[in-house]
Amino acid sequence: MPKTPPKLADKLLRFFLADDRLEEVQGDLHEEYRWQVNRVGERRARWRYWRDVLGFMKPFAIKPRQVNNTQNYRRFANHSITTFPNPIMLRNYFSIAFRQLWKNPLFSSLNIVGLTVGLAVSTFIALYVWHEFHYDRFEPFANRTYRIVSASKYGENEVSFPQLHHSFGSEAKRQIPEVEELVRFSNGFGDVILQSDQNHRFKETNIGYADASIIPVMGLKFLYGDAKTALSEPGRIILTRQLAEKYFGNQNPVGKSLVFDKHFPLTVSGVLDDLPTNSVIQFNGLVSLASMPTLGDRQRHFYESAGFLSTFLVLRPDARVSDIEKKLVTVKAGIKFIDMSANYFLEALPTLHLDARGAQSDARQSLYILLTVALVILTLAVINYISLTTARATKRSREVGIRKAIGGQRSELIGQFFLESFLTTTLAFALSLALLQALFPWANQALNLQMDNRVLAQGPYWALMLGLWLICSLLAGGYPALLLSGFRPAVVLKGSTNWRQSGVGVRRVFTTVQFTASIGLLICSLVLYTQMRFLRTRNLGLNRSQVVALQIDNEMTPQFTGLRNAVRQWAGEGNVATTNTRLFSNAMTMFMKTEKTKKQLMVNAIEVDKPFFAMMGIQWKNRPQGWEKGPVTRELTVYNQTVLKEAGINGNPSQQPAPFKGQSTDGVVVDFHINSLHGAVSPMMLTVVSDTSRSILANGGYLLVRLNPQTNVPDALDQLKQLYDQAHPTAPFDYYFLDDAYNKLYAKEERLMRLFNGFTALTLLVACLGLLGLMTFSVEVRTKEIGVRKVLGASVTGIVVLLSKDFLKLVLLAILIASPIAWWAMNQWLQHFAYKIDMAWWIFALAGGLAVAIALLTISFQSIKAALMNPVKSLRSE
């Protein structure tokens with residue numbers, strides 16, 4: 001009996017295989033089967049027959065489905081298409097797509113450049129926003145780590161203190177069983193001098209203190225040293241990689257000595273890898289907390305008597321935060337430094353950057369604004385692509401008509417146009433990747449963003465890029481594909497379709513949206529610039545111009561008088577003053593209750609010498625008695641007007657009780673600012689000292705020197721350094737300018753202004769690219785009309801106006817839409833300032849005028865070129 005192949009395999013072959021291939025293929029397979037039976041046996045031959053049948057399940061061999069649409073395609077009733085894309089057809093689609101790009105270089109360039117800029121900029125913004133929203137998510141115990149915050153009532157205000165005495169954390173861990181681990185951290189107390197040898201002696205910032213538990217809890221990664229013992233004993237310090245290279249080069253510094261604060265040797269016990277930038281815990285070096293009592297009187301005083309430590313608790317997985325907060329109130333025994341009336345709250349580690357108590361209320365708002373701008377830029381880029389693609393619809397209409405007439409399906413046309421969109425967005429995607437990688441360091445530095453390159457290698461970055469690529473491909477290709485594939489063959493082959501019917505309304509809407517966004521951002525940029533200029537130029541009540549502050553170490557008391565006299569001789573008698581406070585920084589604050597009104601005030605307390613007032617241009621309301629007669633012989637207490645107002649004191653203060661119990665009132669000055677203008681003038685108490693060296697320099701101070709406006713600043717600083725070095729200082733020469741310190745108070749606003757300026761320029765660029773493309777196309781399709789008009793006597797001016805007026809109408813409409821939206825948004829932003837500008841009409845007029853001028857400049861070249869064209873050539877070309 002002859003051996004037959006598996007019947008089920010034959011049925012599968014007949015079901016899937018094309019009819020014109022079935023007889024030949026099946027005959028060959030049966031012959032092969034009989035030969036295999038004689039060679040290897042029936043069982044193995046049957047397996048091989050199945051393998052061969054399944055091998056024919058390929059796109060080119062699969063049976064086509066019949067299309068029989070007698071209403072529209074009677075001529076092609078037997079036409080068939082395959083269920084799966086044919087490789088040859090895909091290759092043909094790619095060829096057509098590349099040909100379209102190459103054939104239209106201007107439109108292709110406009111599309112690709114617009115998408116490249118949109119993808120690169122929106123991705124950069126999205127990365128920054130993601131970076132800011134994902135602070136402290138990488139630590140091993142981030143979801144169980146909380147910071148303790150103490151909150152106390154002072155008058156009507158609740159004041160939060162995130163720093164606590166070292167004893168509170170240790171007692172909380174001992175008394176609350178749900179606490180699994182304790183971490184105490186401080187980022188230090190200002191500048192510290194470190195020295196490894198005579199040639200490596202520098203003043204450093206952010207030299208902090210911490211428990212050994214910070215290493216495993218925060219997931220710190222070591223390059224050198226033992227993580228388990230690095231901070232376990234007194235006298236140890238771990239360094240970041242940059243600091244280790246600064247003092248020890250590329251060698252392993254573990255075990256080497258580093259002198260802390262000029263007198264105290266510490267042993268380097270570890271070197272850390274670069275810290276993640278999206279963490280609230282930042283430092284350059286970390287000293288073991290147990291070392292503090294051995295590092296001099298100042299450090300010992302802080303350790304014993306001050307609340308200076310951010311205290312983190314790692315809770316057990318089953319612990320409830322509300323229960324722990326209640327138990328924290330009961331932690332009293334064994335604590336040396338505590339406010340008995342305070343309440344305690346726990347703040348989750350990942351929320352500290354944006355949502356901590358005392359954090360800036362507009363932090364999230366700024367990020368949402370940036371994210372909105374990113375979406376606007378990306379949307380404008382996609383709109384630009386859609387607008388330019390649909391504008392050229394007539395160039396493809398006959399192609400679509402012919403392909404449909406010979407049996408092409410709409411789904412095939414949609415696939416082709418999507419493929420063209422995919423190709424364009426892929427090119428833009430690749431270019432945006434290269435652009436972002438190349439410009440990332442520059443943009444980071446120019447915008448003063450704390451974001452390192454490692455974010456470019458993380459999974460979310462690539463997921464974001466791939467997501468944007470797919471979304472842009474779908475959005476950019478969707479509408480053009482549906483529009484172009486929807487042309488009716490009978491209509492387009494007659495030549496009835498014109499550009500005015502090919503989505504012109506949509507293009508007008510798109511152009512209006514583009515310029516609305518551009519003009520809105522332009523108005524915002526002008527408001528930001530005007531407000532920043534107002535902040536920089538407003539009279540603060542003191543003259544900060546050309547004032548340099550030299551930092552004086554507390555061990556320079558013997559040399560200070562000689563140094564000050566030398567600087568006075570060099571700069572002029574009235575151009576030198578002394579203070580114990582770094583102006584426009586965190587001044588010392590005292591909580592004091594007024595005698596008359598019983599208000600709790602947060603009072604800025606600073607110490608100054610007598611020349612401070614005249615040199616800084618501070619005006620007197622009531623001078624101290626005998627102020628003009630000679631030097632100060634005793635300490636004087638001077639208040640600003642805000643203190644007297646809050647204390648309910650009117651008239652001559654010398655004839656009334658002092659604002660605060662146990663204090664005198666020797667004088668009153670007109671209000672002046674030493675903080676930012678986000679808030680009103682702070683209550684202020686100035687102590688005028690007689691012995692500058694002893695009083696002001698107890699913990700270090702600053703020598704303020706006003707430079708002549710015509711002075712060459714670098715030369716002046718060199719001369720000041722020479723005078724400083726001649727005094728045999730105990731610390732390196734260090735200074736800052738008051739103008740720079742004041743401007744840093746608005747670093748966030750400055751960064752926002754730079755971002756908006758850049759985004760405004762980019763949105764205008766994208767909008768102008770789209771406008772240029774549309775104008776070019778408009779001129780192209782109206783060439784014959786322009787020629788006829790010129791033959792009939794139309795002037796160049798008339799033709800330019802004819803071509804430009806439709807686009808200018810859209811720009812004017814965009815101005816009307818953008819102005820109220822921008823006014824509302826910037827009015828909300830200005831509410832964060834106690835001192836702010838009024839948004840004048842000229843800001844909106846200037847933004848509108850600039851937009852119109854840029855639009856005219858964009859379209860003028862093409863419109864004038866068209867108007868000057870020889871009408872004979874125009875008519876002949878048609």
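Computation of the quantities below employed the complete heavy-atom set of this structure, encompassing side-chain atoms and omitting hydrogens, waters and symmetry-equivalent molecules. Just so it is clear, the structure is predicted and the values come from calculations on it, not from any experiment.
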Geometric class of the Tyr49/His30 ring pair [parallel <30°, tilted 30-60°, perpendicular >60°]: tilted
Sub-4.5 Å side-chain heavy-atom contact between Glu139 and Ser279: yes
Nearest-0.5 Å distance, CG of residue Leu436 to CG of residue Leu431: 12.5 Å
Pairing residues for Phe133 by the side chain to side chain contact (heavy atoms under 4.5 Å, CB included) criterion, not counting sequence neighbours: Val129, Leu354, Arg364, Leu367, Tyr368
Point-to-point distance, once rounded to the nearest 0.5 Å, from CG of Leu813 to OG1 of Thr512: 5.0 Å
Heavy-atom side-chain proximity of Leu427 to Thr116 below 4.5 angstrom: no
Heavy-atom donor-acceptor pair, Thr760 side chain to Leu521 backbone, under 3.5 Å: yes
Aromatic ring proximity, centroids under 6.0 angstrom, His131 and Tyr135: yes
Test side chain to side chain donor-acceptor pair (under 3.5 Å) applied to Arg316 - qualifying residues, sequence neighbours left out: none
Pairwise distance OH(Tyr224) to CZ(Arg241) - rounded to 0.5 angstrom: 10.5 Å
Under 3.5 Å: donor-acceptor pair, side chain of Gln514, backbone of Leu380: yes
Stepwise side chain to side chain contact (heavy atoms under 4.5 Å, CB included) check, Asp323 with Glu178: CA-CA 10 Å; Asp323 293 340; Glu178 291 90 342; 5.6 Å; no
pair Leu115-Phe429: side-chain heavy atoms closer than 4.5 Å: no
Partner set under side chain to side chain donor-acceptor pair (under 3.5 Å) for Glu180, not counting sequence neighbours: Arg144
Residues Leu352, Arg147; criterion side chain to side chain contact (heavy atoms under 4.5 Å, CB included); working and verdict: CA-CA 8 Å; Leu352 297 182; Arg147 183 178 68 175; 3.7 Å; yes
Under the side chain to side chain contact (heavy atoms under 4.5 Å, CB included) test, residues paired with Val40 that sit two or more places apart: Gln36, Arg44, Arg48
Smallest separation among heavy atoms of Ala428 and Ile112, with atom names: CB-O, 3.9 Å
Pro276 versus Phe138, closest heavy-atom pair with distance: CG-CZ, 3.5 Å
Salt bridge (charged side-chain N to carboxylate O under 4.0 Å, His left out) involving Glu32 - partner list, sequence neighbours excluded: none
Side chain to side chain contact (heavy atoms under 4.5 Å, CB included) against Arg43, all qualifying residues, sequence neighbours excluded: Trp47
Leu349 to Ala142 - nearest heavy-atom pair and separation: CB-O, 4.3 Å
Phe515 backbone acceptor or donor facing Ser518 side chain under 3.5 Å: no
Ring-ring centroid check Phe312 Tyr146, cutoff 6.0 Å: no
Leu29 CG to Asp52 CG distance, which is reported to the nearest 0.5 Å: 6.0 Å
Heavy-atom closest pair, residues Asp136 and Pro350: O-CG, 3.6 Å
Any donor-acceptor N/O pair, Asn278 side chain to Glu132 backbone, under 3.5 Å: no
Candidates Val121, Thr123, Leu127 - the one meeting side-chain contact (heavy atoms from CB on, under 4.5 Å) with Ile125: Val121
Considering all heavy atoms, the nearest Val217-Pro140 contact: O-CD, 3.4 Å
Tyr33/Arg46 under side chain to side chain contact (heavy atoms under 4.5 Å, CB included): CA gap, chis, key distance, verdict: CA-CA 7 Å; Tyr33 173 76; Arg46 293 175 71 86; 3.5 Å; yes
Distance, nearest 0.5 Å, that separates CD of Glu181 from CG of Leu315: 11.5 Å
Spatial distance of atom OG (Ser213) from atom CZ (Phe141) [nearest 0.5 Å]: 11.0 Å
Closest non-hydrogen atom pair, Leu223 against Leu272: CD1-O, 3.9 Å
Minimum side-chain heavy-atom gap Trp50-Leu8 below 4.5 Å: yes
